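Beneath this line is the structure, given in structure tokens, with notes to follow.
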There are 2 protein chains.
Amino acid sequence: MVGQGARQSTTPAAAVGAAKDAARPGAASAAGAWQDFSPPALRPALAAALACFMENGYHGTTIRQVATRAGLSVPGLYHHFPSKQALLVALDDEAMNELWNRSTAALADGPQSVLDRFDRLIRCLTLFHAHRGELAFIALSEIRSLEGSARAEHIAARDRQQALLSGIIDEGVATGIFDAPHPRETSRAITTMCTGVAQWYRIDGELTPEELADRYGRLCRLTAGAAAGS
Amino acid sequence: MVGQGARQSTTPAAAVGAAKDAARPGAASAAGAWQDFSPPALRPALAAALACFMENGYHGTTIRQVATRAGLSVPGLYHHFPSKQALLVALDDEAMNELWNRSTAALADGPQSVLDRFDRLIRCLTLFHAHRGELAFIALSEIRSLEGSARAEHIAARDRQQALLSGIIDEGVATGIFDAPHPRETSRAITTMCTGVAQWYRIDGELTPEELADRYGRLCRLTAGAAAGS
DNA sequence: GATAAAACCGAGCGAGCGCTCGGTAAAGTA
DNA sequence: TACTTTACCGAGCGCTCGCTCGGTTTTATC
């Protein structure tokens, strides 16, 4: 008995993006928009490539498979993308940019205490990897298939993303909110936990992304050594 | 600044396999042998394949690259392994079997309280993924490159392995040692943390595997909601 | 309807793929 | 020494790969 009907939010973060305080002056995008996930809306050729890469990996996928899946001939596919590598790079950019945009929006959207920002970032990471699992999985697992400067750019984007979390954890340790004698490993462990969601979570499984985010929010607080009563 | 000289063990598990009774040749399995990691000792062709797969993935590696790396011609390589797929399967078996053997040995070797077994299993997982990172990484990331029954066998081995940890967590929740309202997610998160070590840990980095295992032991206890004073 | 751009495709090129054929060289055994 | 087994390789087969050539069809605009 796991998927009980009653949906309850066990962390304060779950209430943060509720629609009540929608009108905030100066915000470019609507409050809480970082946790709205409409269907992916990838261009058809990219969607086909993503599905193929998920099944067989980048090197295990042929350009003919992608074309067939997209309902195109091989030259028809090449009308939209100049190479197989370009498909992978476009998917990778899509993943890294969407995660970054949502993460920075989540951090800006609401109370600014360390714990509030931590909760929102964890929620953002978990929701993203649940809703955009395939995109995130390819971006993570096909790094070594990126050629030339694309690989360095991916790693830079990943480090920038990782710095968001480790910065917050360092802050929390400094202010005594977190008890983490080794912040680097703590940060790495939490990141791994959240990105790992993309490896096993199924959107049609027992948990909704929001339920999962609640549970992971609690787990990550524990892992970070958050003060018990907060 | 980070790799301080003083090596301290922060969990009881760290003391279990102290070096005194390390090498007992001839014994079926000496106490603590599950945490002794001598150099991998893969057959040359397998070692070459592992290095190639790490760099370019299974589908991105050619049989000629493996042969060259092994110091063999292509037919020379095929004298030892009948196909490219057989190389991957052999590496996968090596990884899954070694982890299973070490894990069951760790569980049997020492005090049998839930927390003792939890600590030893976490230590075993962390040490394995630190010392055998490449092997573990390939076994994890090339599942979809396994053909035919090999994939099903890998998944069965993985589930069996995963059950070791989730069984202990269920026990701990039942006896009140762990505070985990959602044991399935807790177990999954901890597994992900430990296997994730293979993705970033470098043996020549700042931390020794033993230091890392100490830190991860503490983190995993926190994540599992282990009672504070234990 | 005329024109131009965008979208698309049948056929196929050169290269590299996994793998094998038919052998030789070295090592073990009597 | 004769024989067998193990370890190995030069050459190359058949095939599929990523990609492109030289077109036709569809759509947008006037």
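Throughout, a chain's letter reflects where its sequence line sits, starting with A, and its residues are numbered from 1. What you are looking at is a predicted structure, and each value in this text was computed from that prediction instead of being measured.
Regarding B:His59, its NE2 atom lies at a distance of 16 Å from the P atom of D:dT16, rounded to whole Å. Separating the OH atom of A:Tyr78 from the C1' atom of D:dC19 is a distance of 5 Å, rounded to the nearest angstrom. Between the NZ atom of B:Lys84 and the P atom of C:dT20 there is a distance of 14 Å, given to the nearest Å. A straight line from CG of B:Asn56 to C1' of D:dC17 spans 16 Å, rounded to a whole angstrom. One atom, CG of A:Leu77, and another, P of D:dC19, lie 10 Å apart when rounded to the nearest Å. For the pair A:Leu87 CG and D:dG18 C1', the interatomic distance rounds to 12 Å; values are reported in whole Å.
A salt bridge links B:Arg69 with B:Glu55: at least one charged nitrogen is closer than 4.0 Å to a carboxylate oxygen. Using a 4.0 Å cut-off between a side-chain N of Lys or Arg and a carboxylate O of Asp or Glu, B:Glu211 and B:Arg215 do not qualify as a salt bridge.
Here the straight-line distance linking atom CZ of B:Arg123 with atom CZ of B:Arg102 works out to 12.5 Å at 0.5 Å rounding. In this structure, CZ in B:Arg184 is found 9.0 Å from CG in B:Asp170, a value given to the nearest 0.5 Å.
Side-chain atoms of B:Ile63 lie closest to C:dC19 of the nucleotides C:dA7, D:dT20, C:dC19. Closest to the side chain of B:Ser83, from the set D:dC8, D:dC19, C:dC19, is C:dC19. The side chain of A:His79 approaches C:dC8 more closely than any other nucleotide in the set C:dC8, D:dC19, C:dC19. For A:Ser73, whose side chain is taken as the heavy atoms from C-beta onward, the closest listed nucleotide among C:dC9, D:dT20, D:dC17 is C:dC9. The listed nucleotides are D:dC19, D:dA11, C:dG18; the one nearest the side chain of B:Pro75 is D:dA11.
No cation-pi contact links B:Arg188 to A:Tyr201, judged by a cut-off of 6.0 Å to the six-membered ring centre and 45° from its axis.
The base of C:dG16 lies outside donor-acceptor range of the side chain of B:Arg64, with no N or O pair under 3.5 Å.
B:Leu72 comes within contact range of the sugar-phosphate backbone alone, with a heavy-atom separation under 4.0 Å but no base atom that close.
For A:His80, no side-chain nitrogen or oxygen approaches OP1 or OP2 of C:dA6 to under 4.0 Å.
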